[in-house]
Amino acid sequence: MGKLVIVGTVAFDAIETPFGKTDKILGGAATFIGLAASQFNIDTAAVSVVGGDFPQEYLDLLTDKNINIDGVEIIKEGKTFFWSGKYHNDMNSRDTLATELNVLADFDPKVPEAYKDAEVVMLGNLHPIVQTSVLNQMSESPKMVILDTMNFWMDCALDELHDVIKRVDVITINDEEARQLTGEYSLVVAARKIHAMGPQYVVIKKGEHGALLFHDDNVFYAPALPLEEVFDPTGAGDTFAGGFAGYLAKTEDYSFENMKNAVIYGSTLASFCVEKFGTERMQNLTKDEVEYRLKEFKQLTSFNIELS
């Protein structure tokens, strides 16, 4: 199986939803991606930065999940990145209450030497210059580079974002971001335009309405599993990306057919993430639970029809 390098935030979140609120808890893109990827027992390393206020127990949690943290820099005199948000009743929209970059403001990623030959690189949502820096440090060309980004970087670092998009194999963004990046309302047309920017595969996430995978003229749609309760959507997109990247690193099969399975795994893991606040559900997720939910997904999407 292949090595996986994850670059992204390891952070504090404070979250309020219609179901309750938290003080500072463990969050960050690299955290959610890493916890999802840990389901596949692959050789994974996280590249990030935290402050001296970051608890050792959180670092221990990552290492207990077999996530190498040699690339997580600890700046003793600094404070860890912090985000606070409040979700509306529909759980799809939210207000950002606070964003404190702290040590992330001057983040200079350093990929551990033992992971510079990683087959799969997952570029979590960060400044495109940071994402590019990670790619420049790889000693061998990765077999699969996956990029996650957001509309904030489209607003303030579009040229740098285009530069990194040229170098990736897969981009994962939501439908609103795909429309902003391309200026197209149709997601099919938007995906075609993003293909032309460089990526072979385009994954467009639609939250509770599932995800679309595009490759050339091929399209695959994976629904989201209908859930009785969505407790906290924070980290669901990163969990999807972690499941997607982890499955590809595990199988080392980067074909369109296997990408479909990766999308299903990502969607499955994301469906667990939203069931509790923050990373709580992902910390204790068992393989049996994942297996059972994968079967539910199969039943949801499987049918026989007579074609005349």
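Side chains are part of it too, since the values below use all heavy atoms of this structure and drop only hydrogens, waters and symmetry mates.
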> Between Y254 and I6, is there shared hydrophobic-cluster membership here, with clusters defined by ILVMFWY side-chain heavy atoms closer than 4.5 Å?
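Cluster IDs for Y254 and I6 match.
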
> State whether a side-chain donor-acceptor pair under 3.5 Å links E177 with N151.
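No.
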
> Would you check if V145 and L135 make a side-chain contact, meaning some heavy-atom pair closer than 4.5 Å?
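Touching, per the 4.5 Å side-chain cut-off.
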
> Can you establish whether the number of heavy atoms outside N89 located under 6.0 Å from its atom CG is more than 12?
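No, the 6.0 Å shell around CG holds no more than 12 heavy atoms from other groups.
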
> Could you name each residue pair satisfying salt bridge (charged side-chain N to carboxylate O under 4.0 Å, His left out) that touches residues 272-284, not counting sequence neighbours?
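Passing the test, one end in residues 272-284: E275-R281, E275-R293, K276-E280, R281-E289.
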
> According to side-chain hydrogen bond (donor to acceptor under 3.5 Å, both in side chains), does anything in residues 116-127 pair up with another residue at least two apart or in another chain? List the pairs.
K3-D117, E113-K116, N125-W153

> In terms of side-chain heavy atoms, does R167 have a donor or acceptor partner in N136 at a distance below 3.5 Å?
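There is such a pair between these side chains.
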
> Transitively linked via ILVMFWY side-chain contacts under 4.5 Å: I33 with I264?
yes

> Just wondering, are more than 12 heavy atoms of other shown residues or ligands nearer than 6.0 Å to NZ in K287?
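More than 12 within 6.0 Å, yes.
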
> Does anything in residues 256-273 pair up under salt bridge (charged side-chain N to carboxylate O under 4.0 Å, His left out), and if so which pairs, sequence neighbours excluded?
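Sorted pair list: E257-K260.
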
> Does D108 reach the side chain of V49, with side-chain heavy atoms less than 4.5 Å apart?
no

> Do you know which two heavy atoms are closest between I42 and G2, and how far apart they sit?
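Reported closest heavy-atom pair: CB-O, 4.1 Å.
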
> In this structure, are over 12 heavy atoms from other groups packed under 6.0 Å from F19 atom CZ?
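It does: F19 CZ has more than 12 such atoms within range.
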
> Do other residues, nucleotides or ligands put more than 12 heavy atoms under 6.0 Å from the CG atom of D155?
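Yes - once you tally the heavy atoms of other residues, nucleotides and ligands closer than 6.0 Å, there are more than 12.
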
> Quick one: list whatever passes side chain to side chain contact (heavy atoms under 4.5 Å, CB included) with A196, sequence neighbours left out.
none

> Between CZ of F240 and CG of N174, what distance do you get to the nearest 0.5 Å?
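CG of N174 is found 12.0 Å from CZ of F240.
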
> Can you list every pair that meets side-chain hydrogen bond (donor to acceptor under 3.5 Å, both in side chains) and has a residue in residues 211-224, with sequence neighbours left out?
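Matches after skipping sequence neighbours: none remain.
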
> With hydrophobic residues grouped by side-chain heavy-atom distances under 4.5 Å, do V130 and I173 end up in a single group?
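Linked, V130 and I173 end up in one cluster.
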
> Does F12 belong to the same Ile/Leu/Val/Met/Phe/Trp/Tyr cluster as I15, with side-chain heavy atoms less than 4.5 Å apart forming each link?
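Not linked; separate clusters.
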
> For a quick test of your reading: what N or O donor-acceptor pairs under 3.5 Å do the side chains of residues 185-194 make, sequence neighbours left out?
from, atom 1, to, atom 2, distance (Å)
S186, OG, V188, N, 3.3
S186, OG, V189, N, 3.3
K193, NZ, E184, OE2, 2.9

> How long is the gap from CD on E252 to NZ on K250, to the nearest 0.5 Å?
10.0 Å

> Between S267 and V263, is the side-chain contact (heavy atoms from CB on, under 4.5 Å) condition met? List the steps.
CA-CA 6 Å; S267 296; V263 168; 4.3 Å; yes

> Which value, rounded to the nearest 0.5 Å, describes the distance between L35 atom CG and L285 atom CG?
10.0 Å

> State, with a plain yes or no, whether a side-chain heavy atom of M282 is found less than 4.5 Å away from one of T239.
yes

> Side-chain atoms of residues 53-62: list all donor-acceptor pairs with protein atoms under 3.5 Å, sequence neighbours left out, distances to 0.1 Å.
from, atom 1, to, atom 2, distance (Å)
D53, OD1, T80, N, 3.0
D53, OD1, T80, OG1, 2.7
D53, OD2, T80, N, 3.4
Q56, NE2, D60, OD1, 2.9

> Set out, in order, the CA-CA distance, both residues' side-chain angles and the distance that settles side-chain contact (heavy atoms from CB on, under 4.5 Å) for L248 and N258, then state yes or no.
CA-CA 8 Å; L248 293 178; N258 200 49; 4.0 Å; yes

> Does a side-chain heavy-atom distance below 4.5 Å link F81 with V103?
no

> If you define the side chain from C-beta out and look only at heavy atoms, does anything of D43 sit under 4.5 Å from Y115?
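The answer is yes; the side chains approach within 4.5 Å.
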
> State, yes or no, whether a side-chain contact exists between V47 and P112 at a heavy-atom distance under 4.5 Å.
yes

> Angle between ring planes, Y265 versus Y247, binned at 30° and 60°: parallel, tilted or perpendicular?
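The rings of Y265 and Y247 lie parallel, inter-plane angle below 30°.
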
> For residues 196-211, which residue pairs qualify under salt bridge (charged side-chain N to carboxylate O under 4.0 Å, His left out), counting only residues two or more places apart or in two chains?
D148-K205, D175-K206

> Once you measure the plane-to-plane angle for W83 and Y87, does it fall in the parallel (<30°), tilted (30-60°) or perpendicular (>60°) bin?
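Geometry flag for Y87 against W83: perpendicular rings.
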
> List for me each residue that meets side chain to side chain donor-acceptor pair (under 3.5 Å) alongside N102, sequence neighbours excluded, and say none if there are none.
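Residues passing side chain to side chain donor-acceptor pair (under 3.5 Å) with N102: none at all.
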
> Could you pull out all residues at least two apart from E176 that satisfy salt bridge (Lys or Arg N to Asp or Glu O under 4.0 Å)?
none

> Can you hop from F256 to V170 via hydrophobic side chains spaced under 4.5 Å?
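Result: yes, single cluster for both.
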
> Given side-chain contact (heavy atoms from CB on, under 4.5 Å), test L225 with L300 step by step and report yes or no.
CA-CA 8 Å; L225 193 71; L300 180 70; 4.1 Å; yes

> What is the minimum heavy-atom distance between L181 and I165, and which atoms define it?
CD2-CD1, 4.0 Å

> Test: side-chain hydrogen bond (donor to acceptor under 3.5 Å, both in side chains). Region: residues 10-33. Which pairs qualify, not counting sequence neighbours?
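For residues 10-33, and leaving out neighbouring residues, there are no side-chain hydrogen bond (donor to acceptor under 3.5 Å, both in side chains) pairs at all.
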
> What do the steps show when you test I146 against Y201 for side-chain contact (heavy atoms from CB on, under 4.5 Å), and what is the final call?
CA-CA 9 Å; I146 306 159; Y201 301 92; over 6 Å; no

> For residues M259 and F220, determine if any side-chain heavy atom of one lies less than 4.5 Å from a side-chain heavy atom of the other.
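No. Closest side-chain heavy atoms not under 4.5 Å.
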
> So, for Q131 and L123, which heavy atoms are closest and what is the spacing to 0.1 Å?
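It is NE2-O, 3.6 Å.
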
> Side chain of H195, backbone of Q200: donor and acceptor closer than 3.5 Å?
yes

> Scan for salt bridge (charged side-chain N to carboxylate O under 4.0 Å, His left out) pairs involving residues 71-84, sequence neighbours excluded, and state none if there are none.
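Checked against salt bridge (charged side-chain N to carboxylate O under 4.0 Å, His left out) - neighbours excluded - no pair reaches residues 71-84.
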
> Hey, what do you get for OG1 (T132) to CG (L147), rounding to the nearest 0.5 Å?
9.0 Å

> I need the minimum non-hydrogen distance between C273 and A236, along with the two atoms involved.
SG-N, 3.9 Å

> Yes or no on side chain to side chain donor-acceptor pair (under 3.5 Å) for T286 and D288, after CA distance, side-chain angles and deciding distance?
CA-CA 5 Å; T286 67; D288 286 345; 5.4 Å; no

> Roughly how far, to the nearest 0.5 Å, is NZ of K65 from CG of N41?
10.0 Å

> Is there a donor in the side chain of D253 and an acceptor in the side chain of S255, or the other way round, less than 3.5 Å apart?
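Per modelled atom types, D253 and S255 side chains form a pair under 3.5 Å.
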
> Can you tell me how far the CD atom of Q180 sits from the CG atom of L158, to the nearest 0.5 Å?
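Separation between the atoms: 8.5 Å.
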
> Measure the shortest side-chain to side-chain distance between T9 and L104 over non-hydrogen atoms and say whether it is less than 4.5 angstrom.
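Yes; the side chains approach each other to less than 4.5 Å.
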
> Can any side-chain N or O of S48 pair as donor or acceptor with the backbone N or O of G8 at less than 3.5 Å?
yes

